[in-house]
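Notes for the one structure printed next.
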Number of protein chains: 2
Amino acid sequence: MEIKFVKRATQTKRTTIYDLAELAGTSASAVSAVLNGNWKKRRISAQLAERITRLAEEQGYALNMQASVLRRERSKIIGMIVPKYDNRYFGSIVEQFEAMARERGLFPIITCTRRDPALEIEAARAMLSYQVDCLIATGATDPDRIADICSAAGVRAVNLDLPGSRVPSVISDNFAGALELTRRVLANCEREFGEKTPLLFVGGRGTDHNTSERVRGFRAAHAEAGVAVDETLVLTCGYAPEKAENAMKSLAARVKTLPRGMFVNSTISLEGVMRWIRRCGHYTDRMPLLGCFDWDPFVAMLGDHIEMIRQDVPRMLDAVFEIIDSGATDLKVIQIPPIVEKIGLGGRAENLPEPPWILA
Amino acid sequence: MEIKFVKRATQTKRTTIYDLAELAGTSASAVSAVLNGNWKKRRISAQLAERITRLAEEQGYALNMQASVLRRERSKIIGMIVPKYDNRYFGSIVEQFEAMARERGLFPIITCTRRDPALEIEAARAMLSYQVDCLIATGATDPDRIADICSAAGVRAVNLDLPGSRVPSVISDNFAGALELTRRVLANCEREFGEKTPLLFVGGRGTDHNTSERVRGFRAAHAEAGVAVDETLVLTCGYAPEKAENAMKSLAARVKTLPRGMFVNSTISLEGVMRWIRRCGHYTDRMPLLGCFDWDPFVAMLGDHIEMIRQDVPRMLDAVFEIIDSGATDLKVIQIPPIVEKIGLGGRAENLPEPPWILA
DNA sequence: CAATTCTGCTTCATCGATTGAGCAAGTAGG
DNA sequence: CCTACTTGCTCAATCGATGAAGCAGAATTG
């Protein structure tokens, strides 16, 4: 059962253009020219090109990118840092980023920083070491720091999801999205409970741009509806489920009546909120009416009491690549309108049995 | 508003060890030795080391990995290909893989193949071009093909999630997991409906190892319960939500009574199944009882009619890295017991067999 | 027929880091 | 005082691919 598997690592020397040159009775530079496609420019005969190509295939030749990149001006490597992979939003960002990069002949490398500021910086440096031509900082805690590091290395950067002030940014229109989401939840509450009450805002970091814009939209919708925001109900406690759950717990401990409507700042926070709702025993008669600034297919099935705002990932990435492709350098922040997920479509069918769905 | 941003790309020449050598009045080789940490071996004085280190920092020196890797024996780059980022299972695989790679001083690069066999191969080749030391093929449609390509380049490979026959594999114990999941759904059905009826199996590719093992577990549980499997109810239609949804649709069109219990082969398939359930109008009185071979926090909140099996990602990755770290080359398939998620809670079931389940 | 252009290559320096070999000065030992 | 180490460095080859410059020989032009 001892397999060649590792043996070959020592045995097999990878085929290089020099090996091919020798086999073809020609020079390495001819082989290189043929294999990287500009043999016409270099006036290699079609005959020799053909012969070299065939040989390369036979020998299972594979370009050594490290050598190639070292020599070339541009690496054609594009980097992205991303906070997490545990939700559909970042998942689709990464998946589409990869696809779009590949379409353009770029090699994508991605690093997940788990919202760790130190790791963000380290990851950015690592990517620069690998000679990325461009770096996309997604949801970075300190985008400007990253931009500075890139700029020192002469590398382009673009911010995604969270804006910075040093390089172009592409983000959702958080204010508009939050305004609309809050409006809907307020309207649902009024319809269901017959009275206008201030909503809870939970999740996100109070310091990040997105969260503060969403709070602004939240406030604007309240103002519009003539409802005073209850400041004790604005809980920007961080994104993690546990943080949201704890925030709810301690809120429940210090107020007498719990809100009947909530604005939850991501599916990740919603995870914690839902957990709390199911365990706290305060909503046994009726679920609170929720709005979630984020989308997840199963959340959409949780019931008709949840409204969702879905960030428009395809358009966001189109904008990112337009900046990259065009080489645009002006310091704009592009805001992409998010999508309101209509309940009923993504939402619950009218004729489903009533939740035993939610447990105590 | 015209920013330095791109200007610098042409202006700034990155600092190299030669620049530092000149500034320090020493040789490039001394600089190299100091900066990559083996200056003791190379008998550089602490004094000079100190001076060089300071200079490197001042100048914002960053190692050129392409040059470094080109020269070195091992690249310390580790690759992973993964089918999708749209579910928690692969999301956590990727996230933990990255973290564990970094812990070991390896640089992880990941490619999402979207279950496209051609892209899988292309991605594997690309990674070899970048001189990965090791490649992990996660959920690959043709792991052996990838293993062959790696072996030709003298690169180690490991299969994850789906096994192959050329290199070691780490997978879930699909049979045991499916057996337990089916048992539970059967039991739930008997309890709820007072009779033993065969379940539906939906999702996955009939040709892949995982799915066939799960079907085997599904059958075994039926046999155990004395229930005959209804062959028309085994729908290995692929993983995508639309495929599952369509399979359900056409099933509904050709049978008179729909199953009251279902084994769904992934959260991704469950997405389609749930969509169908909600739209079809056949389950207006009572939701079918479900079992899902996969875990998602929101699915867990969908109600008490869904049982879930969660694959043990941390242990799977531990196993993968143990193979890599130890340099093990024997052709084993390591099966990691999955976890039965208790509704509401979550933990390992009592009646799963004891690990470590090494096969063949 | 000589001068020029074109064709089809080859040669060689280069990218930046690494490392074996070697060298000069200092120190220890006999 | 001479040999033998040790210390602290430098030199130069090397990894594999790239592309500017150059060089024969064939083809074309005046």
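Labels below follow one simple rule: chain letters A, B, ... track the order of the sequence lines, proteins then strands, and each chain is numbered from 1.
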inquiry  = Does this structure show an ion pair linking A:K76 with A:D133, if we count only N-O contacts that are shorter than 4.0 Å?
reply    = no
Is A:R104 positioned over the aromatic face of A:F321, cation under 6.0 angstrom from the ring centre and no more than 45 degrees off axis?
yes
From CG of A:N36 across to P of D:dT18 the rounded distance in Å is 5 Å
Any B:Y61 side-chain nitrogen or oxygen under 4.0 Å from OP1 or OP2 of C:dA17 = yes
Would you classify B:T16 as touching base, sugar-phosphate or nothing, given that sugar-phosphate means primed atoms plus P, OP1 and OP2, and contacts are heavy atoms under 4.0 Å? sugar-phosphate
Does OP1 or OP2 of C:dC15 have a side-chain N or O of B:N64 closer than 4.0 Å? no
Walking DNA chain D from its 5' end, the first of A:Y18 and B:R51 to be reached, judged by nearest nucleotide, is B:R51
* Asked: Can you find a side chain N or O atom of B:T26 that sits less than 4.0 Å from OP1 or OP2 on D:dC9?
  -> no
Taking for B:R71 and for B:S29 the nucleotide of DNA chain D with the nearest heavy atom, the one nearer the 5' end belongs to B:S29
Ranking C:dT18, C:dC9, C:dG22 by distance to the side chain of B:R72, first place goes to C:dT18
Taken to the nearest whole Å, CD1/A:I44 to P/C:dC6 is 18 Å
note: A:R42, atom CZ; D:dA20, atom P; distance rounded to Å ~ 8 Å
### Query
A:Y239 ring centre to A:R115 NZ or CZ under 6.0 Å, with the angle to the axis within 45°?
yes
Here the distance between atom P of D:dT18 and atom NZ of A:K76, to the nearest Å, is 11 Å
Whole-Å distance, A:L20 CG to C:dC9 P, equals 16 Å
Taken to the nearest whole Å, CD/B:E22 to C1'/D:dT10 is 15 Å
Picking from D:dA17, D:dC11, C:dA17, the nucleotide nearest the side-chain atoms of A:S32 would be D:dA17
Exam field: side chain B:N159 to backbone B:L162, donor-acceptor pair closer than 3.5 Å: no
*Verify, without hydrogens or angle tests, whether A:S32 (side chain) and A:A28 (backbone) share a donor-acceptor contact under 3.5 angstrom.*
no
Query raised in the report: Which is true for A:L63 with a 4.0 Å heavy-atom rule: it touches a base, it touches only sugar-phosphate, or it touches nothing?
Result: sugar-phosphate
Sorted by position of nearest nucleotide on DNA chain C, 5' first, the leading residue of A:G25 and B:L70 is A:G25
Under 4.0 Å, heavy atoms only, any strand: does A:S45 hit a base, just the sugar-phosphate, or nothing? sugar-phosphate
Atom CE of B:M65 and atom C1' of C:dA17 are separated, to the nearest Å, by 11 Å
**Asked** Are any of the side-chain nitrogens in B:D208 or B:R205 under 4.0 Å away from the carboxylate oxygens of its partner?
**Response** yes
Rounded to whole Å, the CZ-P distance (A:R74 to D:dT18) equals 15 Å
Task: Distance test, side-chain N/O of A:N38 to OP1/OP2 of D:dG19, below 4.0 Å - done: yes
| said: Please classify the nucleic acid contact of B:L48 as base, sugar-phosphate, or nothing, using heavy-atom distances under 4.0 Å. | reply: sugar-phosphate
